[in-house]
Protein chains: 2
Amino acid sequence: MSSTRVLLLGVLLDGPLHGYEVRRKLELWGADSWANVAYGSIYHGLSKMADEGLLEIIESGKGGKTVYGITQAGRDHFYFLLGEYWCDVKPIVDPFQVAVTFMDRMSEGRLLALMHERTQQLTATVGMMARARGGKQGFGAPRHVDESLDMIRSMLQVQLDWLEQAIPRVKDNDLP
Amino acid sequence: MSSTRVLLLGVLLDGPLHGYEVRRKLELWGADSWANVAYGSIYHGLSKMADEGLLEIIESGKGGKTVYGITQAGRDHFYFLLGEYWCDVKPIVDPFQVAVTFMDRMSEGRLLALMHERTQQLTATVGMMARARGGKQGFGAPRHVDESLDMIRSMLQVQLDWLEQAIPRVKDNDLP
DNA sequence: GATGACATATGCAAATTTGTATACAAGTTT
DNA sequence: AAACTTGTATACAAATTTGCATATGTCATC
């Protein structure tokens with residue numbers, strides 16, 4: 001199961017919002033770099049949870065915006081899910097590892113070229129994230145959302161470190 | 001988009017297999033700890049890609065097993081996707097960061113309890129992964145799949161390191 | 001006041017994923 | 001050998017996600 005529901009419920013804890021405001025808040029938090037919420041899913045998620053009684057429709061804009069608020073059942077469910085997310089070690093989904101899995105399917109030349117290319121991409125991304133740090137508070141984002149971004153940055157650093165030691169190994173035919 | 005397609009195509013590179021064999025191979029590679037392939041999706045993915053000409057049905061078992069092989073179009077598509085996975089820095093989806101995002105929604109007591117609980121869970125998981133390292137080669141898994149598991153272990157270590165420095169900060173009211 | 005460029009805001013069909021039900025073979029216990 | 005557990009193997013309905021199509025508002029500029 002994805003994290004869409006917790007995110008939607010969590011965003012609504014402080015008061016009713018309509019779909020687009022939810023989206024903005026998630027963007028502000030940088031959720032797109034550590035969660036997987038396609039913005040199209042927001043509207044489905046909201047209306048589904050309203051059906052289930054976790055949310056209620058505050059203002060049904062016929063043709064316009066629909067404002068959703070969280071119900072007590074919704075709050076309860078949120079705290080239940082939150083507890084799970086804290087306790088359970090769920091798998092971290094890293095698309096790069098799919099690439100690594102098939103590193104033996106390419107010629108050494110192509111592999112090394114791609115490894116260098118990725119090193120550059122990663123360095124740029126990590127640098128950008130470091131600079132972006134703290135820039136969101138001005139727009140009302142809580143201070144601790146930066147903690148998530150720091151962790152993501154460290155995880156990208158793990159990829160960088162791996163590349164750094166793997167490149168010489170590939171050259172020495174120690175890998176794959 | 002998820003990584004189901006590359007994984008299925010990649011698993012079939014070496015020769016035709018039926019659905020359950022694909023599943024076993026992915027399990028052997030430890031794919032469930034860094035990818036998100038529900039085993040139910042395998043059958044859909046295979047038959048869909050067969051429709052699209054990326055795979056071909058080698059042996060259509062009416063009522064029994066269906067064996068799929070990769071076509072040239074499938075190989076081409078695989079290498080195209082693989083290039084993308086190497087170059088593009090796609091978001092790492094980490095469910096724990098959802099938990100961190102809402103750390104300000106709990107009492108300090110409960111938060112600290114959950115942080116300790118997670119520290120323990122993580123320590124256990126990391127230990128298990130360290131011990132499991134290398135144990136799969138005996139069953140025909142390529143040596144470099146361990147590289148993925150190492151990276152995942154390091155990423156879990158990032159969570160541990162974060163917790164270690166965050167716990168005192170919470171106690172000092174420096175967080176959230 | 002027309003034009004264009006953006007930001008705001010939602011909905012939906014098509015594609016995908018999930019969880020579970022099903023079936024049968026093989027082994028093993030009683 | 002009947003009654004079980006376990007492993008093998010697939011399919012499917014229901015739920016979810018995705019990418020895109022569709023409006024509408026607004027602000028500047030010519």
Side-chain angles (χ1 to χ4, degrees), chain A residues 1-9 11-12 16-28 31-32 34-55 57-68 77 81 84 88 90-91 93 95 98 139, chain B residues 1-9 11-12 16-28 31-32 34-55 57-68 77 81 84 88 90-91 93 95 98 139:
Chain A
M1 218 182 306
S2 77
S3 43
T4 312
R5 276 161 177 260
V6 216
L7 283 171
L8 295 183
L9 289 169
V11 157
L12 290 171
L17 298 172
H18 58 78
Y20 193 68
E21 287 171 323
V22 169
R23 169 187 169 158
R24 297 307 302 273
K25 215 161 175 178
L26 289 176
E27 273 174 351
L28 179 62
D32 43 342
W34 44 265
N36 208 343
V37 186
Y39 299 129
S41 322
I42 293 175
Y43 297 94
H44 169 80
L46 291 175
S47 89
K48 190 72 202 306
M49 289 200 289
D51 286 351
E52 296 170 9
L54 303 175
L55 301 179
I57 294 174
I58 303 289
E59 204 185 305
S60 171
K62 298 108 193 164
K65 9 186 176 183
T66 309
V67 179
Y68 293 90
H77 191 58
L81 290 175
E84 288 208 324
D88 300 351
K90 309 195 185 197
V93 175
V98 177
F139 301 97
Chain B
M1 220 182 307
S2 79
S3 42
T4 311
R5 275 159 178 261
V6 216
L7 284 171
L8 295 183
L9 290 170
V11 157
L12 290 171
L17 297 172
H18 59 78
Y20 194 68
E21 287 171 323
V22 169
R23 170 187 167 157
R24 297 307 301 271
K25 216 163 175 175
L26 290 176
E27 273 174 351
L28 179 62
D32 44 340
W34 43 265
N36 207 344
V37 186
Y39 299 128
S41 322
I42 293 175
Y43 298 93
H44 169 81
L46 290 175
S47 89
K48 189 71 201 305
M49 290 199 290
D51 286 352
E52 296 170 9
L54 303 175
L55 301 178
I57 294 174
I58 302 289
E59 204 186 305
S60 171
K62 297 109 192 162
K65 11 188 175 182
T66 308
V67 179
Y68 293 90
H77 191 58
L81 290 175
E84 287 206 325
D88 300 351
K90 309 194 186 199
V93 174
V98 177
F139 302 96

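Just so we're on the same page: letters track the sequence lines, and every chain starts at 1.
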Shorter than 3.5 Å, N or O on both sides, protein versus nucleotides 22-25 of chain D: list them out with atom names.
none

Item to check | Between C1' of C:dA9 and CD of A:Glu59, the distance in whole Å | outcome: 14 Å
Checklist outcome for this item: Separation of C:dA9 atom P from A:Glu27 atom CD, nearest Å, is 12 Å
Item to check | Min side-chain heavy-atom separation A:Leu26-A:Asp32 under 4.5 Å | outcome: no
Next on the checklist: Without decimals, in angstroms, what is the distance between A:Leu17 CG and C:dT8 C1'?
Outcome noted: 15 Å
Please list, one pair per line, the donor and acceptor atoms closer than 3.5 Å that link side chains of residues 36-46 of chain B to other protein atoms, with sequence neighbours excluded.
| unit_1 | atom_1 | unit_2 | atom_2 | d |
| --- | --- | --- | --- | --- |
| B:Ser41 | OG | B:Ala38 | O | 3.0 |

Item to check | Any B:Ser2 side-chain N or O less than 4.0 Å from OP1/OP2 of C:dT16 | outcome: no
Checklist entry - Quick one, which residues of residues 37-54 of chain A touch DNA chain C with a heavy atom under 4.0 Å? => result A:Gly40, A:Tyr43
Checklist entry - A:Thr4 side chain: which of C:dA7, D:dA9, D:dT17 is closest? => result D:dT17
Item to check | Approximate separation, where rounding is to 0.5 Å, of B:Met49 CE and B:Asp51 CG | outcome: 11.0 Å
Checklist entry - Any side-chain heavy atom of B:Pro95 within less than 4.5 Å of one from A:Trp34? => result no
Checklist entry - In whole angstrom, what separates B:Lys25's NZ from D:dA9's P? => result 15 Å
Checklist entry - At their closest point, which heavy atom of B:Pro16 faces which heavy atom of B:Val67, and how far apart are they? => result CB-CG1, 3.6 Å
Checklist outcome for this item: A:Arg5 has its side chain closest, among C:dT10, D:dT18, D:dT16, to D:dT16
Next on the checklist: Going by the rule salt bridge (charged side-chain N to carboxylate O under 4.0 Å, His left out), which residues pair with A:Lys48 if we only count those two or more places apart in sequence or in a different chain?
Outcome noted: A:Glu52
Checklist entry - Tell me: CG of A:Asp32 to P of D:dT17, nearest whole Å? => result 16 Å
Checklist outcome for this item: note: A:His18, atom NE2; C:dA9, atom P; distance rounded to Å ~ 4 Å
Checklist outcome for this item: A:Ile58 and A:Tyr68 have their tightest heavy-atom pair at CG1-C, 4.0 Å
Item to check | Side-chain N or O of B:Arg23 closer than 4.0 Å to phosphate OP1/OP2 of D:dA9 | outcome: no
Item to check | Partners passing side-chain contact (heavy atoms from CB on, under 4.5 Å) against B:Glu21 (at least two apart in sequence or in another chain) | outcome: B:Leu17, B:His18
Next on the checklist: Please tell me if A:Asn36 has a side-chain N or O lying less than 4.0 Å from either OP1 or OP2 of D:dT18.
Outcome noted: yes
Item to check | Non-neighbouring partners of B:Pro91 that pass side-chain contact (heavy atoms from CB on, under 4.5 Å), sequence neighbours left out | outcome: none
